[in-house]
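Here's a structure for you.
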There are 2 protein chains.
Amino acid sequence: MATLSEENYLKAIFHLSRHDKTVVSTNAIAQKMETKASSATDMIKKLFEKGLIDYEKYKGVKLTENGRLAAVSVIRKHRLWELFLVDKLRFSWDEVHEVAEQLEHIKSKKLTRELDAFLEFPTEDPHGDPIPDANGNMPSSQKLLLAKVKQLQRCICVGVKDSTPKFLQYLDKHKIALGTEITVLSRESYDESMALKINNIQRTISKEVAHNLFVKIS
Amino acid sequence: MATLSEENYLKAIFHLSRHDKTVVSTNAIAQKMETKASSATDMIKKLFEKGLIDYEKYKGVKLTENGRLAAVSVIRKHRLWELFLVDKLRFSWDEVHEVAEQLEHIKSKKLTRELDAFLEFPTEDPHGDPIPDANGNMPSSQKLLLAKVKQLQRCICVGVKDSTPKFLQYLDKHKIALGTEITVLSRESYDESMALKINNIQRTISKEVAHNLFVKIS
DNA sequence: TTTAATATTTAGATAAGACTAAAAATTTAT
DNA sequence: ATAAATTTTTAGTCTTATCTAAATATTAAA
Ligand SMILES: [Mn+2]
Ligand SMILES: [Mn+2]
Ligand SMILES: [Mn+2]
Ligand SMILES: [Mn+2]
């Protein structure tokens, strides 16, 4: 059974190898964990000893199947708890992450199973991120960044790439939520800002915002 | 802020000083924590340094007001979570303790507050134990042990003293739950066993059982 | 009131997880 | 191809929480 710290490292490695599925560097892990490379090396050795990662000195790291399952299990719990907090306990989507970081480490198969049932087997968390199932399968959605959407296309907001409170609060302030319909009016080539129609109101967003909102063409 | 281990020690000290409100010995703490006296001494020093207990070498230990508040806060969370698991997640009362031992350490004022509201401000956990309020006040109930009930008295089961799975499963098996009405028919002086009428069925229980069931005279 | 038994504390070790500083390997630049 | 820069690992230290063994204090017995 993995310790709390080991679980956090596994999650970090999983997220780092999500897109580019190549090996993950010690430095990348250290940076994501907000720790020093030497600490990352120490932990890498432990995870290797436990058969949770493949590792060769100086060659980087890759999750084994066991490591991937452990990581996904933690992510599953994280996202179920986030949804619980929003749907049942009146948390807003910018308040849940910190608490979920603690709750994701609670060890009880039954708890996870029953929480899943209580929430009626959800497939997405409050940020639009997919919730892995009990077997470790992660539903892959075909969402794309708002920045990629063509002019005059209509789309629906389905997720956020940046889920920091700062960004989520920005979205709240400008009445952008999951499910909100967005029409791309035009794009400014100078600064990559975009003119949008949101809820029949015209608004301009920056490149930063456009690159952190996931949408689905509708 | 207290660490997980410190919180567990505070809880142990609180429970040990609950009835006899005298000082608590190092050995008693070690025994309750299932650890060695030397480890208890180490922790006692830490808790003293943090102002959570009064302590004089060889003289035992007593919670300060801050220590009591910290202990009660953990107990509050423990009992709220136990109730949540039973009322919302289909756990039975003999399955909740272990998970609650983990959940009680989650740090989030809002989480505790909202969980309390979600459960509609309960006053008792699934074992009939009182749930302290947000200010650290513990409602003291006037329950007594079934062993003390006089012949031909009618009473209602309102709590358990021993809340181990073994005992709770015994009660389940014999259809004794919180709220069950019990009439004391007679007492055997030889072994202190008692003849009871429970749900109109006559049954004999041992001294051990009689000393671990709390009732209220009805 | 000495002695014996028990309880408590101290001393020294260990393991997990983190750190700094320094060494070694790899990658990039000249 | 060699030197410089960067990355990664190692060596040694620190903190928390635990342990065993030994020393000290307290309590009970003779
Ligand atoms: Mn999160
Ligand atoms: Mn999320
Ligand atoms: Mn409990
Ligand atoms: Mn309880």
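Note: hydrogens, waters and symmetry copies are ignored here, and every other heavy atom, side chains too, is used. Order of the sequence lines sets the chain letters (A, B, ...), proteins ahead of strands, with each chain counted from 1.
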* In whole angstroms, how far is the P atom of C/dA7 from the CD atom of B/Gln31? -> 10 Å

* To do: Give a yes or no on whether a donor-acceptor pair under 3.5 Å exists between the nucleobase atoms of D/dT20, that is its base, and the side chain of B/Ser38.
  => yes

* To do: To the nearest Å, give me how far apart CG (B/Asp42) and P (D/dT15) are.
  => 15 Å

* Asked: Under 4.0 Å between a side-chain N or O of B/Lys36 and OP1 or OP2 of D/dT20?
  -> yes

* B/Tyr58 side chain near C/dT10 phosphate (N/O to OP1/OP2, under 4.0 Å) -> no

* NZ/NE/NH1/NH2 to OD/OE distance under 4.0 Å, A/Lys11 and A/Glu6 -> no

* **Rounded distance (Å) that lies between atom P of D/dA17 and atom CD of B/Glu34** => 18 Å

* Can you check whether B/Lys57 has a side-chain N or O nearer than 4.0 Å to OP1 or OP2 of C/dA7? -> no

* Once you round it to whole Å, what is the distance between C1' of C/dA15 and CG of A/Leu4? -> 17 Å

* Between C/dT9 (P) and B/Glu56 (CD): distance, integer Å -> 11 Å

* **Sugar-phosphate, base or nothing in reach of A/Thr41, heavy atoms under 4.0 Å** => base

* Taking only the side-chain nitrogens and oxygens of B/Ser5, find out if one of them lies under 4.0 Å from OP1 or OP2 of D/dT16. => no

* Check the pair B/Arg76 / B/Glu104 against salt bridge (Lys or Arg N to Asp or Glu O under 4.0 Å), numbers first and verdict last. => CA-CA 8 Å; B/Arg76 169 170 162 77; B/Glu104 72 188 4; over 6 Å; no

* Asked: In whole angstrom, what separates B/Met33's CE from D/dT16's P?
  -> 17 Å

* Out of D/dT16, D/dT9, D/dC19, which has the shortest distance to the side chain of B/Lys46? -> D/dT16

* Asked: Between B/His78 and B/His97, does the ring centre distance come in under 6.0 Å?
  -> yes

* Is B/Tyr9 near enough to D/dT18 that one of its side-chain N or O atoms lies under 4.0 angstrom from OP1 or OP2? -> yes

* Asked: Between A/Ile44 (CD1) and D/dT7 (C1'), how many Å, whole number?
  -> 12 Å

* Nearest to the side chain of B/Glu6 - D/dA17, C/dT26, C/dT9? -> D/dA17

* To do: Fit a plane to each ring of B/Phe84 and A/Trp81, take the angle between them on a 0 to 90° scale, and name the class: parallel (under 30°), tilted (30 to 60°) or perpendicular (over 60°).
  => tilted

* Check the distance between D/dT10's P and A/Tyr55's OH and give it to me in whole angstrom. => 6 Å

* Quick check: are there more than 12 heavy atoms from other residues, nucleotides or ligands sitting under 6.0 Å from CD of B/Glu124? -> yes

* Would you say B/Ser39 reaches D/dC19's phosphate, i.e. side-chain N/O to OP1/OP2 under 4.0 Å? -> yes

* What's the closest nucleotide to the A/Lys45 side chain, out of D/dC19, D/dT10, C/dA18? -> D/dT10

* Within the pair A/Asn27 and D/dT6, is there a side-chain N or O less than 4.0 Å away from OP1 or OP2? -> no

